[in-house]
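Step one of this worksheet: look at the structure below.
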Number of protein chains: 2
Amino acid sequence: MSQDGAGVDLDKSLGYLLKEVSSALRTAMEEVLRPLGMNVTRYSCLELLAQRPGLSNSELARGAFVTRQSMNVLLQALEREGYVTRPAEAPVGKVLPTRLTPLGRQSLEKATVAVRSVEVRMLSGLTETEQAGTFRNLRRMIDSLREGSEGS
Amino acid sequence: MSQDGAGVDLDKSLGYLLKEVSSALRTAMEEVLRPLGMNVTRYSCLELLAQRPGLSNSELARGAFVTRQSMNVLLQALEREGYVTRPAEAPVGKVLPTRLTPLGRQSLEKATVAVRSVEVRMLSGLTETEQAGTFRNLRRMIDSLREGSEGS
DNA sequence: TGACTCATGTCAGGATTCTGACATAGATTG
DNA sequence: CAATCTATGTCAGAATCCTGACATGAGTCA
């Protein structure tokens with residue numbers, strides 16, 4: 001049924017290909033994360049906290065590409081399960097700095113191994129130079145997209 | 001608050017960058033599509049039908065990276081609004097081949113212009129050679145990811 | 001021919017996410 | 001110092017999407 005006969009235009013669209021890669025990567029990550037009782041958003045949140053301790057809810061949301069509201073319910077779950085801690089009262093302003101607990105750090109380690117294996121597999125067909133070039137080009141694309149629609 | 005001081009590891013992850021580009025691209029597309037009363041999934045569906053007329057619900061779902069169920073409700077809406085047509089009964093098997101109406105084709109044309117402008121902007125900082133190289137590398141990544149987790 | 005497998009369309013239910021809105025704290029500006 | 005603006009955390013509601021399940025039709029194979 002899936003005859004990719006005529007070379008259609010979508011096959012030449014970088015935007016479509018980007019979505020394809022992103023989708024495949026997410027699927028692969030979910031697969032290796034599921035046995036660990038984790039998903040991509042959870043992992044992203046933990047990884048962000050490991051690299052930048054004390055991040056606020058809003059900052060975590062931006063880093064994981066979800067809304068503040070969604071990240072908040074995730075953080076409540078992570079806090080309830082003992083993976084992260086937040087002070088009961090904001091030390092300054094309304095920002096509640098979040099930190100990983102030893103349990104959270106331990107859980108993240110396993111997940112990081114799994115995720116890294118996926119990324120290694122994804123890049124297995126590319127040389128170091130090709131990886132660097134792709135990285136640079138993707139970064140340029142982001143910059144071009146952002147400068148086009150500056151909100152304020 | 002957003003001090004990107006220490007060069008953290010996420011800044012070097014191609015997977016994270018991929019998600020960043022994909023997110024920025026989707027946001028940009030939604031922005032230019034909204035004034036036309038359309039969204040990315042709708043556009044993807046119409047574009048797929050323009051390039052491969054007669055596609056089934058399941059095939060459209062795979063092409064737009066959603067489930068059959070989600071695509072079905074979208075198709076019902078598109079059919080109700082007169083953008084696509086489906087035979088009342090399946091000519092063969094259970095597959096209902098979907099086709100664009102003149103109205104659907106007309107609506108797609110405007111959307112295509114808008115979307116293409118976004119893609120052009122995204123690629124404005126890259127030479128033809130760099131675009132081709134990125135395309136080739138992304139395709140390799142997909143292949144590597146897929147061969148890792150072959151279902152059956 | 002009959003059993004088996006696979007894919008499709010569809011229904012119901014639940015889970016997840018987002019949009020909209022509010023009060024509050026800090027920064028900015030006159 | 002007072003007014004304004006921006007950003008944060010949070011609440012409620014709605015919209016979206018997915019998971020699970022079912023019956024049906026086509027292809028395969030003994």
Side-chain angles (χ1 to χ4, degrees), chain A residues 1-3 19 22-23 26-27 29-31 33-34 37-45 48 52 54-80 84-99 150-152, chain B residues 1-3 19 22-23 26-27 29-31 33-34 37-45 48 52 54-80 84-99 150-152:
Chain A
M1 54 212 68
S2 65
Q3 72 277 12
K19 191 166 183 176
S22 187
S23 173
R26 186 180 187 91
T27 300
M29 284 177 67
E30 297 282 6
E31 277 177 9
L33 251 25
R34 191 173 310 124
M38 209 175 294
N39 59 34
V40 171
T41 309
R42 256 175 116 89
Y43 163 75
S44 301
C45 179
L48 283 165
R52 308 189 192 178
L55 242 43
S56 72
N57 176 32
S58 290
E59 292 169 322
L60 287 170
R62 279 192 293 270
F65 306 100
V66 296
T67 60
R68 293 174 291 171
Q69 293 85 338
S70 297
M71 180 54 71
N72 197 29
V73 307
L74 173 57
L75 278 183
Q76 286 174 2
L78 287 174
E79 194 173 10
R80 185 178 346 110
V84 305
T85 53
R86 281 192 294 183
E89 296 177 1
V92 55
K94 303 185 67 178
V95 176
L96 293 176
T98 312
R99 291 185 178 278
E150 293 280 82
S152 53
Chain B
M1 54 214 67
S2 65
Q3 72 275 14
K19 190 166 183 176
S22 187
S23 174
R26 185 180 188 91
T27 299
M29 285 178 66
E30 297 282 7
E31 276 177 9
L33 250 25
R34 192 173 310 124
M38 209 175 293
N39 61 34
V40 172
T41 309
R42 257 174 115 89
Y43 162 75
S44 301
C45 179
L48 283 165
R52 309 188 192 177
L55 241 43
S56 73
N57 176 30
S58 291
E59 291 169 321
L60 286 169
R62 279 191 292 268
F65 306 100
V66 295
T67 60
R68 292 173 291 171
Q69 294 86 338
S70 296
M71 181 53 72
N72 195 30
V73 307
L74 173 57
L75 278 182
Q76 287 173 2
L78 287 174
E79 193 173 12
R80 186 177 346 110
V84 304
T85 52
R86 280 192 294 182
E89 296 176 2
V92 53
K94 302 187 66 177
V95 177
L96 293 176
T98 312
R99 291 185 178 278
E150 293 280 83
S152 53

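What's counted below: heavy atoms across the whole structure, side chains too, no hydrogens, waters or symmetry copies. A note on names: the letters A, B, ... follow the listed sequences, proteins ahead of strands, and every chain is numbered from 1.
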Closest-nucleotide 5' rank along DNA chain C - winner of B/S58 and A/T41 =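 Counting from the 5' end, the first nearest nucleotide belongs to B/S58.
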Where A/A64 and A/S44 come nearest, the two heavy atoms and their spacing | CB-CB, 4.2 Å
Check B/C45 against B/M71 and note the closest heavy-atom contact, atom names and distance.
-> SG-SD, 3.9 Å
Is the backbone of A/K19 close enough, under 3.5 Å, to the side chain of A/S23 for a donor and an acceptor to pair up by distance?
-> no
Close side-chain approach of B/L75 to B/R86, heavy-atom, < 4.5 Å = yes
Check whether any side-chain heavy atom of B/T41 sits under 4.5 Å from a side-chain heavy atom of B/L74, and report yes or no.
-> yes
Side chain to side chain donor-acceptor pair (under 3.5 Å) involving [X] - partner list, sequence neighbours excluded:
| X | result |
| --- | --- |
| B/S70 | B/T67 |
| B/S56 | B/E59 |
| B/R26 | none |

Roughly, in whole Å, what's the span from [atom1] in [X] to [atom2] in [N]?
| X | N | atom1 | atom2 | answer |
| --- | --- | --- | --- | --- |
| A/L55 | D/dA7 | CG | P | 16 Å |
| B/N39 | D/dA15 | CG | P | 15 Å |
| B/R34 | C/dT19 | CZ | P | 8 Å |
| A/R42 | C/dT16 | CZ | C1' | 14 Å |
| B/E59 | C/dT8 | CD | C1' | 10 Å |
| B/N57 | D/dT24 | CG | P | 19 Å |

Given Watson-Crick or G-U pairs with both distances under 3.5 Å, what dot-bracket string fits DNA chain D, with | for other-strand pairs and [ ] for crossing?
-> ||||||||||||||||||||||||||||||
CG-CG distance between A/L48 and A/L55, expressed to the nearest 0.5 angstrom =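 Separation between the atoms: 6.5 Å.
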Run the side-chain contact (heavy atoms from CB on, under 4.5 Å) check on B/L78 and B/R42 step by step: do they pass?
-> CA-CA 8 Å; B/L78 287 174; B/R42 257 174 115 89; 3.7 Å; yes
In residues 65-80 of chain A, what residues come within less than 4.0 Å of DNA chain C, judged by heavy atoms?
->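 Listed by number, they are A/V66, A/T67, A/R68, A/Q69, A/S70.
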Annotated protein contacts, base or backbone, on nucleotides 24-29 of chain C with a non-hydrogen cut-off under 4.0 Å, one of B, S, - each = BSS---
Can you list the steps and then say if A/N39 with A/R34 is a side-chain contact (heavy atoms from CB on, under 4.5 Å)?
-> CA-CA 6 Å; A/N39 59 34; A/R34 191 173 310 124; over 6 Å; no
